[in-house]
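What you see is a predicted model, and the numbers here were worked out from it, not measured in a lab. Lettering of chains follows the sequences in order, A, B, ..., and the numbering in each one begins at 1.
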Amino acid sequence: MSFDVPDDRKYLESHEWATTDQPTRIGISDFAQDELGDVVFVELPDEGDTISHDEPFGVVESIKAVSDLYAPVSGEIVAVNEALHDQPELVNEDPYGDGWLLEIEVSDDSEFEELMDADEYEAQIV
Amino acid sequence: MSGNGPTENGREPGRTYDQATYAVGDDENEPLLTEKRSDTVEPGDALPDDLTRDDLTLPNPEEPEVARHYTRLSQMNWSIESGPYPLGSCTMKYNPPVTEDVAADPNAAVHPDRSADSIQGTLGLLAGLQDYLARIGGMDAVSLQPPAGAAGEFTGIAVARAYHRANGDDRSEVLIPSSAHGTNFATAALAGYDVVELPSAEDGRVDMEALEAAVSEDTAALMLTNPNTVGLFERDIEAVADVVHDAGGLLYYDGANLNALLGRARPGDMGFDIMHYNVHKTFATPHGGGGPGAGPVGVVDELAPYLPNPRVEETDSGYELVESDEAIENVHGFQGNWLVLVKAYAYIARLGDAGLRDASAKAVLNANYLAEQIDLDVPYGPFHHEFAATAGDAAAADVAKRMLDFGVHPPTTNWPEMVPEAMLTEPTEIESKQSLDDLAAAFDAALGSSEEERHEAPSRTTAKRIDQTTAARDPRLSWQSLDEE
């Protein structure tokens, strides 16, 4: 089975992605949504909260499991994808687009260097 | 709902007997009192007109119809009396009716709010159960008050908290292995502790290095299930106890898997300081459904003063209810759910030492026999009373649904997470070789079905495949929504 791994963003080992622009968007990978199965609930922090690199910031619940979400990079949240409240299925349908989770103002650009690029991430999930 | 209204006996001609169709007309969506502005009613006023009515449509069936209705409903349900129910870590075992007979004895109908000298028999039974449980668990004192297993956990951790505080020791963390029951995490959080999750070692047991790294002067307790949730005995348990005790922490035993140890090993002897007993699992009292239940807690001597008040003690002048000034707050009224405790007492007394030892032997033998018979791999072992098989490339949930078509209840699926596509299976001691063979055949037949058959399953049950996704995303929480379709 092959999964979509766009090369315009970077990846954390625990299957979250981050775009490299500012503000940065954060979501979970196609592989992650497939492993989880149908997502039924996403619990996210509030705008204005800060999240920290490789620390849990929220929870995604599917019919199979409840999993922590880890922050690829640190920063202050400037937008939360409110649509997920009523349509958690967006995470399954469009994990890199409408199924995004947060937008943050990144506080330390150097953290991007600790993330995997698309090739490295793809090698991890095959 | 449409219709021409009920006939004289409350039924419409030709309609099936179904509770949900009985509310007819405007009454089917009865507004809440607040929706009727009844909050404006003053005490003493007569009920306003919109809260009164002159007639009420009640069903008026003949007795045989009622009997058939409830028998039919019961047949649509699955129970341990219907067939095997190997739900791992839940210990679904048969409740011998003898315990119900004892609880139904008119002499057992005693209100608890009476003076101790007038209920000596009642107190004697409670003291006897405290003693049975203490001996089974290797504990020094037992409180029968907690009304469920999870309540027992909370009581136990509250006792640990009270003990530390009494020593002027404000600890902030509870350590819990990743394989533990979800209730452990909830218990620790509810008691105000930060949860530190311990990863499992490669062999599925506690990772000693991770434990040593995590233990500190902030450690209030380590909560452990033994055998753990994949049935493995924590063979380093004494070393684990030393690490926790050396740091001043307490060791908590989750009694969920006590069935494997009955009469053979005791948590107290392993170094545990506190434990709860799931009487509905280990001692065959009614299971689940929100209660009433019982989850007694046992502790070592040093912690006994912190157990909730009152406890029963035998003195020279008979049984007395004693109170401790250092006790935590009550977690239930009186001594907990008395008649549930009567059933647990009756079960233990009926089995006796030999019977309890026989139960744990058969629980372990049955799990190991069953695992040998099935085509599924079991990655972790040697296991005791339960095992986590993996469905491999198949989806565990689909295999489970397909098993329903072969007339058995499936095991617990997709948990613990350390086993991919886990099917956590616990046949318990009650199954015969014949029923274990039937169960094994159902496992293999479900695994051997085509992916499509598994995905469509169950096809032979009253209720077909439940749409879990829609149920979770868009739950309908009232019977009234049935009528909206």
Spatial distance of atom CD1 (B/Ile466) from atom CD1 (A/Ile63) [nearest 0.5 Å]: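 Going from CD1 on B/Ile466 over to CD1 on A/Ile63, the span is 12.5 Å.
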
For [X], I'd like to know if atom [atom1] has over 12 heavy atoms of other residues, nucleotides or ligands within 6.0 Å.
| X | atom1 | value |
| --- | --- | --- |
| A/Asp7 | CG | no |
| A/Glu120 | CD | yes |
| B/Glu197 | CD | yes |
| B/Asp377 | CG | no |
| A/Asp21 | CG | yes |

Nearest non-hydrogen partners of B/Arg473 and A/Asn92, listed with the distance: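 Heavy atoms only, the tightest pair is NH2-OD1, 3.4 Å.
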
Between B/Glu417 and A/Lys64, does the salt bridge (Lys or Arg N to Asp or Glu O under 4.0 Å) criterion hold? Intermediate values first, please. CA-CA 10 Å; B/Glu417 287 166 7; A/Lys64 233 166 85 175; over 6 Å; no

Heavy-atom pairs under 4.5 Å with chain A are the metric here; pick the option from B/Thr413, B/Thr469, B/Asn414 that has the most.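 Greatest number of close heavy-atom pairs with chain A: B/Thr469.
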
Heavy-atom proximity to chain B below 4.5 Å, by part of A/Glu61: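 When you check distances to chain B, no heavy atom of A/Glu61 falls under 4.5 Å.
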
I want to check something: taking the side chain as every heavy atom from C-beta on, are B/Gln468 and A/Val40 in contact at a cut-off of under 4.5 Å? no

